Trainee: 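Sending over a structure as structure tokens; questions will come in a sec.
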There are 2 protein chains.
Amino acid sequence: MATNVQLLKDALRKEGLLYTPQRQIIWDEICKTDDHRDAEEIYFKIKQGGHKVSRATVYRTIDVLVKNNLVRKLELGDGRNRYENKLDSSHHDHIVCIQCGRIDEFMDENIEKLQDEIAKKYQFKIVRHIHQLFGLCRDCN
Amino acid sequence: MATNVQLLKDALRKEGLLYTPQRQIIWDEICKTDDHRDAEEIYFKIKQGGHKVSRATVYRTIDVLVKNNLVRKLELGDGRNRYENKLDSSHHDHIVCIQCGRIDEFMDENIEKLQDEIAKKYQFKIVRHIHQLFGLCRDCN
DNA sequence: TCTTTAATGAGATTGAGTCTCAAAAGTAAT
DNA sequence: ATTACTTTTGAGACTCAATCTCATTAAAGA
Ligand SMILES: [Zn+2]
Ligand SMILES: [Zn+2]
Ligand SMILES: [Zn+2]
Ligand SMILES: [Zn+2]
């Protein structure tokens, strides 16, 4: 956890922002699981944990964390943004069950390479990508 | 255009829905360009064209068109859904400039195949996928 | 301490999208 | 064509995630 404190402090310093108890509480909550939760879930978990942090601060802090690469924003197409911590910073994409909501993670070096080639062909400089497979998991099929 | 009329009629019959002037107007508007427009843009273009169709009908009809494979829904991560007609029904994914909004289309057989392999490995039955590359286009870089 | 700047929180606001329900339009049988 | 029935439409209310406002609170610096 000490490491997580330092990561946050560094990010805030880089942004010229102050280190505050609220920001630490939010970052801690996001580090607690490897789930893919939306901002409301994170907000309510914090509340439930007995801390008082406002909704506005949760949203604002998440934005800072995303901008500084501590958190990844996922857009799973259900109208709300989801977030996962990047403590284990290895890149992955997602395969989502449209029935039960189960989310698995995958990573394919070959796909990643092919993306780079596409970028080169179109003369784009890629900064991020979304790659999600939607379907029915084994249990739901 | 005659073809487009028939495509709509067939889809509506399949759904047990009636063929109405409003639904044709909406489908026509979507067929007019190969852009990637959101529902509001489509709604206002129709209004601007002198037709009176309600917002609710636009949203409802787009849903029918998507369900019946005449229109593809895109989620480009900016909080609103975008749509493109599938008259030229070849599959493609998107590469998006985060600066100027330019959207190019790409298709890579190898990526598509690798996705199938991932699905097999995770025992998912894929029904759709999102694959978008975000970055700076040549002009913006 | 005093002054200045930054962060927070409660609640208002936005905006895409959905829902409601009375009115309008379509369908089918007489 | 008239009636009886069903479907669609449209205006506006509503929802929900997310953002904004601004008065209050907390932190930093002199
Ligand atoms: Zn990837
Ligand atoms: Zn993940
Ligand atoms: Zn594809
Ligand atoms: Zn396209």
Side-chain angles (χ1 to χ4, degrees), chain A residues 5 8-9 11-30 36-68 71-83 101, chain B residues 5 8-9 11-30 36-68 71-83 101:
Chain A
V5 170
L8 177 61
K9 284 183 174 172
L12 291 171
R13 176 165 319 114
K14 210 184 91 196
E15 290 290 314
L17 298 171
L18 300 177
Y19 175 76
T20 67
Q22 288 90 341
R23 284 168 176 160
Q24 184 65 56
I25 289 165
I26 294 161
W27 173 227
D28 283 348
E29 181 58 44
I30 292 173
H36 307 83
R37 297 183 291 173
D38 63 37
E40 293 295 311
E41 284 173 76
I42 294 163
Y43 169 57
F44 280 112
K45 272 278 179 285
I46 287 169
K47 244 176 140 172
Q48 209 173 301
H51 298 106
K52 39 207 164 325
V53 178
S54 73
R55 175 180 274 107
T57 299
V58 170
Y59 278 92
R60 283 184 294 225
T61 300
I62 289 175
D63 286 347
V64 174
L65 297 171
V66 169
K67 189 172 170 202
N68 286 274
V71 166
R72 183 171 178 208
K73 181 200 272 196
L74 308 173
E75 333 196 44
L76 299 189
D78 61 352
R80 59 217 149 112
N81 294 321
R82 292 165 174 279
Y83 303 94
Chain B
V5 170
L8 177 60
K9 284 183 174 173
L12 292 171
R13 175 166 319 114
K14 209 183 91 195
E15 289 289 314
L17 298 172
L18 300 177
Y19 175 75
T20 66
Q22 288 90 340
R23 285 170 176 160
Q24 183 65 57
I25 288 166
I26 294 161
W27 174 227
D28 283 349
E29 182 58 44
I30 293 173
H36 306 83
R37 297 183 290 173
D38 64 36
E40 293 295 309
E41 283 173 74
I42 294 164
Y43 169 56
F44 280 112
K45 272 277 179 287
I46 288 169
K47 242 177 143 173
Q48 209 173 303
H51 297 106
K52 36 204 164 330
V53 179
S54 72
R55 175 181 273 106
T57 298
V58 170
Y59 278 93
R60 282 184 294 225
T61 300
I62 288 175
D63 286 347
V64 174
L65 297 172
V66 169
K67 189 171 171 204
N68 286 274
V71 166
R72 183 168 178 211
K73 181 200 272 196
L74 308 172
E75 333 196 43
L76 299 190
D78 61 351
R80 58 218 150 110
N81 294 321
R82 292 164 174 278
Y83 303 94

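All values reported here derive from a predicted model rather than from experimental measurement.
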Trainee: Check Lys67(B) with Glu15(B), please: is the shortest side-chain N to carboxylate O separation under 4.0 Å?
Mentor: yes

Trainee: Could you give the distance from CD (Glu41(A)) to CD (Gln48(A)), rounded to the nearest 0.5 Å?
Mentor: 11.0 Å

Trainee: Where along nucleotides 3-19 of chain C does protein come under 4.0 Å, by heavy atom, of base (B) or sugar-phosphate alone (S), with - for untouched nucleotides?
Mentor: ---SSBBB-----SBBB

Trainee: For Thr57(A), which residues count as a side-chain contact (heavy atoms from CB on, under 4.5 Å) partner, sequence neighbours excluded?
Mentor: Gln22(A), Ile26(A), Val53(A), Ser54(A), Arg60(A), Thr61(A)

Trainee: Enter the distance from Leu74(A):CG to Asp38(A):CG here, rounded to the nearest 0.5 Å.
Mentor: 11.0 Å

Trainee: Go through the steps to decide whether Ile30(B) and Tyr83(B) satisfy the test side-chain contact (heavy atoms from CB on, under 4.5 Å), and finish with yes or no.
Mentor: CA-CA 8 Å; Ile30(B) 293 173; Tyr83(B) 303 94; 5.5 Å; no

Trainee: Distance from Arg82(A) atom CZ to Leu76(A) atom CG, nearest 0.5 Å?
Mentor: 5.5 Å

Trainee: Measure the shortest side-chain to side-chain distance between Lys45(A) and Arg37(A) over non-hydrogen atoms and say whether it is less than 4.5 angstrom.
Mentor: yes

Trainee: With a 4.0 angstrom cut-off to heavy atoms of chain B, pull out the first and last contacting nucleotide of DNA chain D, in 5'-to-3' order.
Mentor: dT7(D) to dA11(D)

